[in-house]
Number of protein chains: 2
Amino acid sequence: MAYELFSRRGVRGVGVNELISRSGVAKASFFRHFASKDELVLAFLERRDQQWTVEAIVSEARRKGGTPEEQLLAIFDVFAEWFARDDFEACSFINILLEMGSEHPLGQASIDYLARIRGHVQQLAEEAGLQDTENFSRSWHILMKGSIISAAEGDLAAAGRARQLAGWLIDHHRA
Amino acid sequence: MAYELFSRRGVRGVGVNELISRSGVAKASFFRHFASKDELVLAFLERRDQQWTVEAIVSEARRKGGTPEEQLLAIFDVFAEWFARDDFEACSFINILLEMGSEHPLGQASIDYLARIRGHVQQLAEEAGLQDTENFSRSWHILMKGSIISAAEGDLAAAGRARQLAGWLIDHHRA
DNA sequence: GCTAAACGAGACAGGTTGGTCTGTCTGGGC
DNA sequence: GCCCAGACAGACCAACCTGTCTCGTTTAGC
C-alpha cells in the first residue's frame, strides 16, 4: 500500500493522511508504530531492498544466468523486462536520494542501500573471478543507474545498450 | 537567486513565499510575471539548459578537446571538475524528472532538455565521423547520467570510470 | 469476566503551500 | 498638475502538511 504509493509518487508526494485513510488504520495507531513519517519511509526502503534489489533483481539474475559472468549480464535482461512494465517507476533509492539530498537521513539511507546493490555486483564479480572487483562494481553500477534514468525518459532499449557496455567492461576485467 | 535554490533543493523544496521574500519582489508582481510557480520552474529549466548544458558543458568540452573524439571525451573531464565542487547538486533535469514524474509538464520539459543534451552529443559524434550516432549518443548519455548519480552518492571518481567506458564505446563506433 | 492494551475514527494544533487581493507609493508621459 | 501602469508590502484564502489528542470500541491475557 504505502509501498506502491512511495514508489510511484515519491516521499514528498504522499502525505500521512492519505496513507492512513487508504490503509484503514487510525492515525494514532500509525504513529504508535512509526515515530514519524520518515521512519515509515525508512521501513519502505528496507522492504524495497529486500523485495526489489534482492528478490527481483539479484536472485532473478542468478537464476537466469549459467556462469557468474552470464549472471552479471542477466541483470540487464531483468532490467529490460522491468523497463517495459507500464508501472515502471525507476529506482526508489535514486529517487529519494535526489529528492531529499545526500545530507538528509533518508538520502543517507538511500546511499547505503545503493552501496548494498553494488555489493551484490561485487560479489558476483568475485565469483566470476574478475579483477579489481571494487572498481568493476562501481563502473557497473554507473551502467545500471544510467540505464534506469534513460528508461525513465522513455528509452525502452536502455537495458540493451547498458548490457553491451557491460560486456566490454567484463572483457577488461578478466584475468 | 531562484536558480540556485531550485538547483539545490528541488522544485517542491522551495516555496514561492521564500522565493519572493528573498528576491525583494512583491507577490503580485511575481504572479504578474509568471502565471504559476510551474512557469517559473519552466523558465529556470530553460536557463539551466543555456547556462549549464550549453555554456558549462558542451562549449567547455569543445574548447578543451582538439579532435572531435577528444571533445567528446572531454565532457567527462568537465564532469570530473564539476563533481569535485562542493556545491555540486546533480542534474536539475534528472532531479525534476524523477521528482515530478514523466507525466507532469515539468517532467516532460525535463525529458525534452535531456534530449537536447543527447543532441549535442550526437552532433559531436557526427563531427567525429562515428557510425550510428543515434544509438551512440543514447549509450553515451547513459554514461553521463549514471556518473552523475554516482557522483551524487559521493563517488568522486565516477567521471573517470565513465570516461573509460566511453572510450570503448567510441572504439566500437569507428568506421 | 475483568483489566489493559490496542484499535478506528476523527477533531485539533501549528505551520506551510500556491495563489489572490487590497492597499500605498513611485515614475514617467501629457 | 494629472493620470495611470506597475512596483512593493502584506493580509488573506483554502488546502494541505506532520503530528497529538480524545474519544468510544474491540480484543487479548489471565
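Numbers restart at 1 for each chain; the letters A, B, ... are given by sequence-line order, proteins then strands. These numbers come from a predicted model, not from an experiment.
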Contact list for residues 115-140 of chain B, test salt bridge (Lys or Arg N to Asp or Glu O under 4.0 Å), sequence neighbours left out: A:E153-B:R118, A:D155-B:R138, B:D49-B:R116, B:R62-B:E127, B:E134-B:R138
Inter- and intrachain pairs under salt bridge (Lys or Arg N to Asp or Glu O under 4.0 Å), touching residues 97-109 of chain A, at least two apart: none
Could you tell me which residues satisfy side-chain hydrogen bond (donor to acceptor under 3.5 Å, both in side chains) with [X], sequence neighbours excluded, listed by chain and number?
{"X": "A:E81", "value": "A:K64"}
{"X": "B:D112", "value": "none"}
{"X": "B:H104", "value": "none"}
{"X": "B:R9", "value": "B:E18"}

For B:V78 against B:A56, the heavy-atom pair lying closest together: CG1-O, 3.6 Å
Minimum heavy-atom distance B:F79-B:S147, with the two atoms named: CD2-OG, 3.7 Å
Donor-acceptor pairs are to be reported for all side-chain atoms of residues 88-95 of chain B against protein atoms at under 3.5 Å, with residues two or more places apart or in another chain.
residue, atom, partner, partner atom, Å
B:S92, OG, B:R48, NE, 3.3
B:N95, ND2, B:E89, O, 3.3

Contact boundaries on DNA chain C for chain B, cut-off under 4.0 Å to non-hydrogen atoms: C:dT17 to C:dC21
Short N-O contact, A:R163 and A:D77, less than 4.0 angstrom: yes
Parallel, tilted or perpendicular: rings of B:W168 and A:H172 (30°, 60°): parallel
Under 3.5 Å, side-chain donor or acceptor atoms of residues 29-36 of chain A against the rest of the protein: list the pairs with distances, not counting sequence neighbours.
residue, atom, partner, partner atom, Å
A:S36, OG, A:D38, N, 3.4
A:S36, OG, A:E39, N, 3.4

For DNA chain C, the residues among residues 94-111 of chain B that have a non-hydrogen atom under 4.0 Å from it: none
Selection: residues 7-20 of chain B, any non-hydrogen atom under 4.0 Å of DNA chain C: B:V14, B:G15, B:V16, B:N17
Close approaches to DNA chain D from residues 29-46 of chain B, in residue order (heavy atom, under 4.0 Å): B:S29, B:R32
